[in-house]
Amino acid sequence: MRLSIILITLSALLCYACNNDDEETNTSTDIPQDGIIQESYFNSSLVSMEIVSAELEDGTIADCYQIVFTGDGIDGDQGPYCPETINDIGGLAVYDGETNPGLRNIASALLNDMETDGWDIVDENGNVNVDDFSGAADRTVSNCLAAPYDPTLTFTYLIPVTPKLATSNDEITEIEMIGLTLNGSQMTGDPPSAVNGPAMFGGMNTSDEISFPSLDPCGGHPDPAGYYHAHFIGEVMNQVLAANNISEVTCTLYLQTSGTTLVGFAKDGYPIYAYADMPADLDECQGRMATTPEYPDGIYHYVASTTEAPNMPPCLKGIAARNNFQIQ
């Protein structure tokens with residue numbers, strides 16, 4: 001009987017587009033009676049969680065969880081990011097230059113490839129050019145970006161209580177918010193392009209030099225505003241590193257899953273999971289309907305890739321709340 005219910009619910013999810021003219025059929029039905037998100041799922045960074053009325057991105061009003069965190073649970077355990085010299089081992093970068101593009105460890109091999117591509121990233125003494133946002137960076141050369149971290153910030157998220165399916169998928173763009181981790185960190189889309197430059201700086205890269213963001217070995221880093229956010233789902237990060245032939249660093253910030261682990265919630269309200277072995281039945285958003293330890297009756301959820309870089313869901317099925325993330 002349980003399997004039948006799951007299959008019926010999955011069919012309703014995938015066939016939603018057939019009924020999108022009917023507003024009453026625009027919400028999912030696979031919602032546990034006590035709600036999808038529970039306070040007990042989060043760590044000690046959680047300050048409060050309550051239900052408020054908020055506007056969704058389609059203009060409708062819905063009940064949303066208002067979830068508040070102080071700090072993000074990483075306790076200052078960060079890095080490495082940019083190496084000091086060409087002989088040091090740094091963090092990660094998603095390099096999109098001509099020579100050996102892809103997820104790379106920021107060390108001599110990548111730095112030499114960047115020099116080959118014409119980017120002046122290492123000075124004559126072997127020192128790496130680093131922009132730490134202190135205002136002292138030399139913009140006539142390429143820079144590795146490493147923003148400072150502020151552990152005192154407060155984050156507020158708005159997440160729909162009952163996920164509402166959209167008429168089309170939300171295709172996640174560069175640095176778009178995807179959701180939140182269980183420690184309160186923001187989950188985001190692809191990190192800013194190494195070659196084309198961080199979008200928030202208005203295209204500061206020139207045709208001659210670039211500034212590229214560094215990531216820690218778990219795939220996250222501080223935003224220029226000071227808060228740590230994740231471009232990768234860390235609980236399977238060591239599998240991603242292995243799949244991309246990176247052995248110089250490992251992810252220690254997150255316990256690597258050995259089974260099926262709840263890692264956070266998407267901004268549309270659906271859970272996000274890490275699987276030690278990726279299921280074969282994922283849809284185009286890396287989602288599936290299945291039972292999990294937290295949802296024994298089955299629920300639609302997104303799944304972290306164990307091979308792709310980045311490994312976040314490429315799209316979301318539901319409608320998010322407007323102004324769904326604030327920092328103080």
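The shown structure was predicted, so the numbers you read here are calculated from the model rather than taken from an experiment.
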Donor-acceptor side-chain pairing of [X] and [Y] below 3.5 angstrom:
X: T188; Y: H231; result: yes
X: S193; Y: D96; result: yes
X: T85; Y: N87; result: no
X: T261; Y: E235; result: no
X: D113; Y: N100; result: yes
X: E284; Y: N169; result: yes

Grab the two heavy atoms, one from [X] and one from [Y], that are nearest each other, plus how far apart they are.
X: M187; Y: M312; answer: CB-CE, 3.6 Å
X: A166; Y: I319; answer: CB-CG1, 3.7 Å
X: F155; Y: I327; answer: CD2-CG2, 3.5 Å
X: F133; Y: P148; answer: CB-CD, 3.9 Å
X: T307; Y: N244; answer: O-ND2, 3.2 Å
X: P271; Y: I36; answer: CG-CG2, 4.1 Å

Establish, yes or no, whether a centroid distance under 6.0 Å links the rings of [X] and [Y].
X: Y300; Y: Y270; value: yes
X: H301; Y: Y273; value: yes
X: Y149; Y: Y227; value: no

Under the 3.5 angstrom rule, does the side chain of [X] hit a backbone N or O of [Y] as a donor-acceptor pair?
X: Q256; Y: Y254; result: yes
X: D88; Y: P83; result: no
X: D63; Y: T162; result: no
X: D132; Y: A146; result: no
X: D117; Y: W119; result: no
X: N324; Y: A321; result: yes
X: Q239; Y: A276; result: yes

Roughly how far, to the nearest 0.5 Å, is the [atom2] atom of [Y] from the [atom1] atom of [X]?
X: T60; Y: L56; atom1: OG1; atom2: CG; result: 4.0 Å
X: Y65; Y: E39; atom1: OH; atom2: CD; result: 10.0 Å
X: T306; Y: M237; atom1: OG1; atom2: CE; result: 12.0 Å
X: M278; Y: S305; atom1: CE; atom2: OG; result: 4.5 Å
X: L182; Y: F265; atom1: CG; atom2: CZ; result: 6.5 Å
X: T292; Y: L262; atom1: OG1; atom2: CG; result: 7.5 Å

>> Walk me through whether L158 and I67 qualify under side chain to side chain contact (heavy atoms under 4.5 Å, CB included).
In response: CA-CA 7 Å; L158 285 177; I67 310 173; over 6 Å; no

Quick check: is [Y] connected to [X] through a chain of hydrophobic side chains (ILVMFWY, heavy atoms under 4.5 Å apart)?
X: V195; Y: V130; result: yes
X: I89; Y: M114; result: no
X: I121; Y: L103; result: no
X: L153; Y: V68; result: no
X: Y41; Y: V47; result: no

>> Let's go through K164 and E57 carefully: what are the C-alpha distance in whole Å and the side-chain angles of both, what is the deciding distance for salt bridge (Lys or Arg N to Asp or Glu O under 4.0 Å) to 0.1 Å, and is it a yes or a no?
In response: CA-CA 11 Å; K164 183 177 182 181; E57 290 181 341; over 6 Å; no

>> Under the ring-ring contact (aromatic ring centres under 6.0 Å, His included) test against F69, which residue among F42, F325, Y228 passes?
In response: F42

Any [X] side-chain heavy atom under 4.5 Å of [Y] side chain:
X: I37; Y: I159; result: yes
X: S214; Y: L145; result: no
X: L215; Y: P191; result: yes
X: H221; Y: Y81; result: yes
X: I172; Y: P314; result: no
X: D281; Y: M289; result: no
X: T257; Y: L255; result: no
X: L92; Y: I246; result: yes

[X] [atom1]: over 12 foreign heavy atoms closer than 6.0 Å:
X: Q328; atom1: CD; value: no
X: N127; atom1: CG; value: yes
X: E98; atom1: CD; value: no

>> Does anything in residues 262-328 form a disulfide bond (SG atoms under 2.5 Å apart)? List the pairs, not counting sequence neighbours.
In response: C285-C315

> Of T181, I272, V303, which is the lone residue that meets side-chain contact (heavy atoms from CB on, under 4.5 Å) with I233?
Replying inline: I272

>> Under 4.0 Å between a side-chain nitrogen and a carboxylate oxygen: does that hold for D170 and K317?
In response: no

> Any salt bridge between R104 and E248, counting N to O under 4.0 Å?
Replying inline: no

>> Please determine whether side chain to side chain contact (heavy atoms under 4.5 Å, CB included) holds for the pair E115 and D120, giving the CA-CA distance in whole Å, both sets of side-chain angles, and the decisive distance to 0.1 Å.
In response: CA-CA 6 Å; E115 291 280 342; D120 185 9; 4.0 Å; yes

> Between D131 and R139, is a side chain to side chain contact (heavy atoms under 4.5 Å, CB included) present by the stated rule, with each step listed?
Replying inline: CA-CA 9 Å; D131 182 356; R139 298 297 185 202; 2.8 Å; yes

>> Does L316 form a side chain to side chain contact (heavy atoms under 4.5 Å, CB included) with K267? I'd like the steps, not just the answer.
In response: CA-CA 8 Å; L316 300 180; K267 63 182 178 180; 3.7 Å; yes

> Do R322 and E55 pass the salt bridge (Lys or Arg N to Asp or Glu O under 4.0 Å) test, and can you show the C-alpha distance, the side-chain angles, and the key distance before you say yes or no?
Replying inline: CA-CA 6 Å; R322 295 192 191 279; E55 183 180 3; 3.2 Å; yes

